[in-house]
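Written below as structure tokens is the structure these notes are about.
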Amino acid sequence: MSGFTATRCGDLRASDAGHEVELYGWVARRRDHGGLIFIDLRDRWGVAQVTINEANTSTAAYAAASSLRSEYVVRVKGRVEKRPVENVNPKMPTGEVEVFATDLEVLSTSKTPPFPVEGDQEPEERVRLKYRYLDLRRARMQNILETRHRVNKITHAYWDAHDFLEVETPILTKSTPEGARDFLVPSRLYPGQFYALPQSPQQMKQLLMVSGVQRYYQIARCLRDEDLRADRAAEFTQLDVEMSFNDEEDVFELIEGWIGRLWDEILGIDLPRPWPRLTMKDALLRYGTDKPDLRYELEIADLGEVLKDTQAQVFRGALDAGGVVRGLAVPGGSDMTRRELDELVTLARGAGARGLAWLPGGPLDKFLTPAELEGVKRATGAGEGDLVLLAADRRRRAEKVMGLVRSDVARRRGLVREGEWRFLWIYPMFLFDEDDEGNLTYGHHPFTRPMEEDLAFIDERPYDVRAHAYDFVCNGYELASGSLRIYDRAMQERVFQILGLSQETIEARFGHLLEAFEYGVPPHGGIAPGLDRIVMMLTGTDNIRDVIAFPKTQSMQDLLMDAPSEVERKQLDELGLEIKRPG
RNA sequence: GGUCCCGUGGUGCAGUCUGGCCCAGCACGCGGCCCUGUCAAGGCCGAGAUCGCCGGUUCGAAUCCGGUCGGGACCGCCA
């Protein structure tokens with residue numbers, strides 16, 4: 001029997017009493033009583049107590065036990081014994097037994113670790129990342145690794161059971177300047193030309209539908225060279241799904257089933273189905289975001305109607321410029337301090353707003369008529385003791401500001417109902433969006449299918465065109481995005497044209513897709529949930545790096561491997577590259 | 001590109017606002033000794049930090065100012 005098949009520390013139970021066992025593991029803790037030494041021996045499955053009694057073991061074994069320090073790797077031979085009742089440790093699954101060591105061998109010693117592997121103390125992230133292999137040894141991280149594995153396993157089983165085929169798609173692919181910035185890979189055989197790492201297998205999965213795969217899924221790595229956030233990594237993992245001859249209801253059904261399975265098997269929670277749906281328009285109006293957190297109420301109201309004749313300058317100005325006034329009632333908010341309000345104003349300014357107003361008690365009270373004040377109260381549902389926060393701006397900015405204010409107010413006033421899971425679909429979404437320069441761009445991606453009934457006004461009022469596009473959202477996180485796709489060459493070209501792409505650009509970048517569309521394309525569509533974020537939810541962390549074994553810092557460095565790093569001159573020469581150094 | 005928070009022995013924190021009581025405190029860890037029923041073992045003793053780095057202000061700087069580096073949060077960005 002090798003150590004690989006030996007008894008696992010965490011598996012020991014009362015029923016093992018009397019057995020001779022061999023254990024392999026790391027020293028979690030050592031309690032030396034002088035003549036009697038207790039070792040908590042840890043492996044992936046748990047911790048068992050090894051007892052070494054000077055009186056009943058070899059001198060060599062006792063000497064070895066005395067020399068043990070934290071994180072030494074040892075092999076122990078001994079006999080499992082039931083502990084006397086008074087010595088049972090009910091806090092440990094293995095607490096009913098202990099292993100009396102007859103033989104103990106140090107397989108590997110350890111320096112004092114840079115931070116404690118045992119205990120719940122969270123070291124600074126810089127240190128954790130540099131010594132990631134030790135960080136991952138901690139129980140919390142082991143649990144995350146295991147949860148992630150189980151998510152993958154359940155996911156494979158689920159989609160396989162629905163006859164989906166996993167197909168691997170290339171890592172070296174073609175750059176598409178639309179969307180996120182690509183990671184580029186220089187080509188050795190074609191100097192001056194580049195591959196791109198995939199932002200997602202979007203086009204490949206559509207081509208697989210043309211191939212007749214009909215039901216495709218892949219646990220796919222995606223790479224985007226954009227700045228990072230707490231919930232955004234440069235390389236991340238999507239469950240990529242695509243199917244043929246389907247409508248959005250098929251997608252909703254399958255996804256709700258899959259998420260339901262994950263929550264049931266991993267958390268033992270039975271999620272209610274079907275999930276509620278919210279149109280993009282309503283999400284932005286009522287919650288100020290496309291990923292609302294429904295664990296608290298705080299609904300935003302449009303005040304354009306009640307303030308349509310107002311003489312208050314800030315509101316008048318915004319409304320006359322075609323903007324909006326939006327308000328949010330804070331229950332019991334009249335007790336908010338000036339300092340808190342100032343912090344909210346700072347938050348609003350940070351989002352580009354000129355300011356944030358409040359009623360009553362703010363400087364605007366005297367500019368509103370009693371009827372207008374009454375109207376604001378009614379529209380926002382504000383009662384006695386409540387405070388109304390207001391933003392007046394261009395619609396998109398006012399929405400953004402109120403959305404940020406809403407979540408900040410909920411957080412600082414403790415309105416978030418922890419422990420709730422509020423899944424919902426954002427559907428339908430808009431086909432187009434407006435970028436910062438006021439130009440038309442796509443809402444989801446350029447392959448999204450417009451709703452047939454809205455095509456009539458696609459040229460006149462493009463922003464009002466709804467799409468067969470959907471996100472699913474939970475507790476303020478966007479967990480997935482998807483759509484039904486265009487499967488008609490003419491329609492696809494038309495959308496590209498509306499987006500302002502020239503015929504040459506269309507041909508160069510998407511010619512392969514358009515050509516494929518000439519050979520019998522099934523109507524198709526799909527979705528791509530972010531697996532990292534789903535694991536974040538399941539493990540209760542708000543940091544995406546926690547659910548990635550070897551993550552990079554916010555500034556995209558790998559502190560363990562020390563990447564990125566310079567390469568040798570010879571490598572550059574082979575690629576025909578020269579480095580332009582700034583300065 | 002921008003805004004904000006953080007950086008103090010190996011680790012986690014206090015001290016910074018209001019400069020001198022701090023050649024820096026606490027807990028854990030670490031080293032030595034004692035200890036035969038602990039499980040966050042206990043007791044005694046001990047070592048370990050020029051307070052991220054550079055510069056400035058001051059009689060005097062962990063503390064104030066400027067810069068810089070690193071980590072984090074956010075805005076922009078993320079089809």
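Letters A, B, ... are given to chains in the order of the sequence lines, protein chains preceding strands, and every chain is numbered from 1.
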*Rounded to the nearest 0.5 Å, how far apart are CG of A:N89 and CD of A:E98?*
11.0 Å
*asked:* Quick one about A:Q218 and A:T169 (side-chain donor to acceptor, distance below 3.5 Å, no hydrogens or angles considered), yes or no?
replied: yes
_Shortest side-chain distance from A:A230, nucleotide among B:U38, B:G71, B:C74_ = B:C74
_From B:G37, B:G71, B:G32, nucleotide with atom closest to A:R69 side chain_ = B:G32
*Can you measure from CG (A:L484) to CZ (A:R449) and round to the nearest 0.5 angstrom?*
4.5 Å
_When you measure from the side chain of A:R533 to the backbone of A:D231, do you find a donor-acceptor pair of N or O atoms at a distance under 3.5 Å?_
yes
*From B:C30, B:G10, B:G72, pick the nucleotide closest to the side chain of A:P114?*
B:G10
*A:R232 side-chain proximity, nearest of B:G37, B:G71, B:G76*: B:G76
*Can you tell me if A:S483 uses its side chain to pair, donor with acceptor, with the backbone of A:R485 under 3.5 Å?*
no
*Would you state whether a donor and an acceptor, one from the side chain of A:R224 and one from the base of B:C77, lie under 3.5 Å apart?*
no
*Would you say the side-chain atoms of A:Q202 and A:Q206 include a donor-acceptor pair closer than 3.5 Å?*
yes
*Which nucleotide sits closest to the side chain of A:E226: B:G71, B:U38, B:C78?*
B:C78
*In terms of side-chain geometry, is the basic nitrogen of A:D546 or A:R128 positioned less than 4.0 Å from the acidic oxygen of its partner?*
yes
*Kindly say if A:K91 contacts the phosphate of B:A40, meaning a side-chain N or O under 4.0 Å from OP1 or OP2.*
yes
*Look at the side chain of A:R31 and the base of B:U36, then say whether one donor and one acceptor between them are separated by less than 3.5 Å.*
no
Could you list, one pair per line, each protein nitrogen or oxygen that sits under 3.5 Å from a nitrogen or oxygen of nucleotides 12-16 of chain B, together with the distance?
| unit_1 | atom_1 | unit_2 | atom_2 | d |
| --- | --- | --- | --- | --- |
| B:G12 | OP1 | A:E124 | N | 2.5 |
| B:G12 | O4' | A:Q121 | NE2 | 3.2 |

*Toward the 5' end of RNA chain B, by each residue's nearest nucleotide, A:L404 or A:Q554*: A:Q554
*asked:* Using a 5.5 Å cut-off between ring centres and planes within 30 degrees, is A:F115 stacked on the base of B:U11?
replied: no
_Please classify the nucleic acid contact of A:E343 as base, sugar-phosphate, or nothing, using heavy-atom distances under 4.0 Å._
nothing
*Using a cut-off of less than 4.0 Å, is there contact between a side-chain N or O of A:S555 and OP1 or OP2 of B:G70?*
no
*Taking N and O atoms by type only, does the side chain of A:R83 place a donor or acceptor under 3.5 Å from a partner on the base of B:C39?*
yes
*Look at all strands and tell whether A:F496 reaches a base, only sugar-phosphate, or nothing, counting heavy atoms closer than 4.0 Å.*
nothing
*Give the nucleotide from the list B:A73, B:G70, B:U38 with an atom nearest to the side chain of A:R126.*
B:G70
*What nucleotide among B:G71, B:U36, B:G29 has an atom nearest to a side-chain atom of A:T112?*
B:G29
*Touch check for A:D40, heavy atoms < 4.0 angstrom, all strands: base, sugar-phosphate only, or nothing?*
sugar-phosphate
_B:C78 to B:A62 separation - P atoms, rounded to the nearest Å_ = 46 Å
*asked:* Can you tell me how far apart CD1 (A:I171) and CG (A:L223) are? Round to the nearest 0.5 Å.
replied: 6.5 Å
_Can you check the distance between B:A41 and B:C34, where both ends of the measurement are the C1' atom (answer in whole Å)?_
14 Å
_Spacing between A:D227 atom CG and B:C74 atom P, to the nearest angstrom_ = 12 Å
*Assign A:D225 to base, sugar-phosphate, or nothing according to its heavy-atom contacts below 4.0 angstrom with the strands shown.*
nothing
Would you tabulate the nitrogen or oxygen pairs shorter than 3.5 Å linking the protein to nucleotides 52-54 of chain B?
none

*Base, sugar-phosphate, or nothing for A:S200, non-hydrogen atoms under 4.0 angstrom?*
base
*Does B:A41 have A:H33 stacked on its base, where the ring centres are within less than 5.5 Å and the planes differ by under 30°?*
yes
*Let me know which of A:K111, A:R42, A:R29 forms a salt bridge (charged side-chain N to carboxylate O under 4.0 Å, His left out) with A:E71.*
A:R42
*Output the single nucleotide from B:G72, B:U36, B:U11 whose closest atom is nearest the side chain of A:R545.*
B:G72
*With nearest nucleotides of RNA chain B determined for A:P446 and A:F38 from heavy-atom distances, which residue corresponds to the more 5′ nucleotide?*
A:F38
*Any side-chain donor paired with an acceptor under 3.5 Å for A:D433 and A:T441?*
no
*Counting Watson-Crick and G-U wobble pairs only, both distances under 3.5 Å, name the nucleotide matched with B:G19, or none.*
none
_Base B:U36 paired with A:E54 side chain (donor-acceptor, <3.5 Å)_ = no
*Measure the distance from CZ on A:R29 to C1' on B:A41 and round it to the nearest whole Å.*
11 Å
_Residues A:E248 and A:Y427: side-chain donor-acceptor under 3.5 angstrom_ = yes
*Are A:E343 and A:R412 ion-paired here, with the side-chain N under 4.0 Å from a carboxylate O?*
yes
*Please tell me which of the listed nucleotides, B:C75, B:U38, B:G71, lies nearest to the side chain of A:K400?*
B:C75
